[in-house]
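The structure under discussion appears below in the form of structure tokens.
Below, each value reflects all heavy atoms present in this structure, side chains not excepted, and no hydrogens, waters or symmetry copies.
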Amino acid sequence: MNETLLHASAHRIALELPFTEQCWPFGPDCDVFKVGDRMFMLTMTVRGRALVNLKADPQKSLLHQEIYRSIEPGYHMNKKHWITVVPGDDISYDLLVELIADSWNLVVDKLPKRDQKRLRPV
């Protein structure tokens with residue numbers, strides 16, 4: 001997946017998830033995606049390279065980093081709980097969907113039960 005497609009796909013996938021909001025608290029160069037007022041994805045371009053930061057389960061994070069060379073520890077984030085996806089041939093649209101959904105679910109899982117019920121339509 002190339003740089004333009006990585007950001008465009010990530011934005012589309014994230015905004016299709018329930019109750020996702022996009023904002024720019026760090027300025028116009030960093031797109032932040034939240035659910036329940038908590039970040040689950042950030043997209044930016046650093047030194048000409050597109051980045052997508054996502055929450056990740058620590059065990060899955062390590063596994064993904066071993067399997068995919070385009071998945072790295074989270075750029076400017078807690079390296080245990082965040083990953084960074086960069087452009088590369090090993091990143092497919094389906095993998096990006098899975099990573100973003102995992103990130104969204106990890107954030108929702110930490111919210112109060114009443115909010116979880118509201119955010120996850122049955």
Distance-only, no hydrogens or angles: does the [X] side chain make a donor-acceptor pair with backbone N or O of [Y] under 3.5 Å?
{"X": "Thr43", "Y": "Val52", "result": "no"}
{"X": "His7", "Y": "Met44", "result": "yes"}
{"X": "Thr45", "Y": "Gly48", "result": "no"}
{"X": "Ser9", "Y": "Leu5", "result": "yes"}
{"X": "Asn53", "Y": "Leu42", "result": "no"}
{"X": "Gln22", "Y": "Phe33", "result": "no"}
{"X": "Trp104", "Y": "Leu99", "result": "no"}
{"X": "Lys79", "Y": "Gly74", "result": "yes"}
{"X": "Ser103", "Y": "Phe40", "result": "yes"}
{"X": "Thr20", "Y": "Ala14", "result": "yes"}

* To do: Could you give me the CA-CA distance, side-chain angles and deciding distance for Arg12 and Tyr93, then say whether side-chain contact (heavy atoms from CB on, under 4.5 Å) is met?
  => CA-CA 11 Å; Arg12 184 172 42 257; Tyr93 186 83; 4.0 Å; yes

Within one Ile-Leu-Val-Met-Phe-Trp-Tyr cluster: [X] and [Y], side-chain cutoff 4.5 Å:
{"X": "Trp24", "Y": "Leu54", "answer": "no"}
{"X": "Ile13", "Y": "Val108", "answer": "yes"}
{"X": "Met39", "Y": "Leu119", "answer": "no"}
{"X": "Val46", "Y": "Ile71", "answer": "no"}
{"X": "Leu63", "Y": "Val85", "answer": "yes"}

Validation row: [X], [Y] side chains within 4.5 angstrom (heavy atoms):
{"X": "Pro18", "Y": "Arg120", "value": "no"}
{"X": "Leu17", "Y": "Val35", "value": "no"}
{"X": "Val107", "Y": "Lys55", "value": "yes"}
{"X": "Pro58", "Y": "His81", "value": "yes"}
{"X": "Met1", "Y": "Pro87", "value": "no"}

Show the nearest heavy-atom pair for residues [X] and [Y], with the distance to one decimal.
{"X": "Leu6", "Y": "Ala50", "value": "CD2-O, 4.1 Å"}
{"X": "Ala56", "Y": "Ile83", "value": "CB-CG2, 3.9 Å"}
{"X": "Asp90", "Y": "Ser70", "value": "OD1-OG, 2.6 Å"}

Can you tell me how far the [atom1] atom of [X] sits from the [atom2] atom of [Y], to the nearest 0.5 Å?
{"X": "Asn105", "Y": "Gln116", "atom1": "CG", "atom2": "CD", "answer": "9.5 Å"}
{"X": "Asp37", "Y": "Phe19", "atom1": "CG", "atom2": "CZ", "answer": "13.0 Å"}
{"X": "Met41", "Y": "Ile100", "atom1": "CE", "atom2": "CD1", "answer": "5.0 Å"}
{"X": "Lys117", "Y": "Leu111", "atom1": "NZ", "atom2": "CG", "answer": "14.0 Å"}
{"X": "Leu62", "Y": "Lys80", "atom1": "CG", "atom2": "NZ", "answer": "9.5 Å"}

* **Partners meeting side chain to side chain donor-acceptor pair (under 3.5 Å) with Arg38 (sequence neighbours left out)** =>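 Expected list: none.
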
* Salt-bridge present (Glu72, Arg49; N to O < 4.0 Å) ->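 Salt bridge flag = yes for Arg49 with Glu72.
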
* Answer yes or no: does atom CG of Asp109 have more than 12 heavy-atom neighbours from other residues, nucleotides or ligands under 6.0 Å? =>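 Enclosed: over 12 neighbouring heavy atoms sit under 6.0 Å from CG of Asp109.
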
* Quick one: list whatever passes ring pair (Phe, Tyr, Trp, His ring centres under 6.0 Å) with Tyr68, sequence neighbours left out. =>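 Testing Tyr68 for ring pair (Phe, Tyr, Trp, His ring centres under 6.0 Å), a comparison that skips the adjacent residues, returns His64.
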
* Checking salt bridge (Lys or Arg N to Asp or Glu O under 4.0 Å) for the pair Asp115/Lys110: CA distance, chi angles, key distance, verdict? -> CA-CA 10 Å; Asp115 291 338; Lys110 296 293 185 186; over 6 Å; no

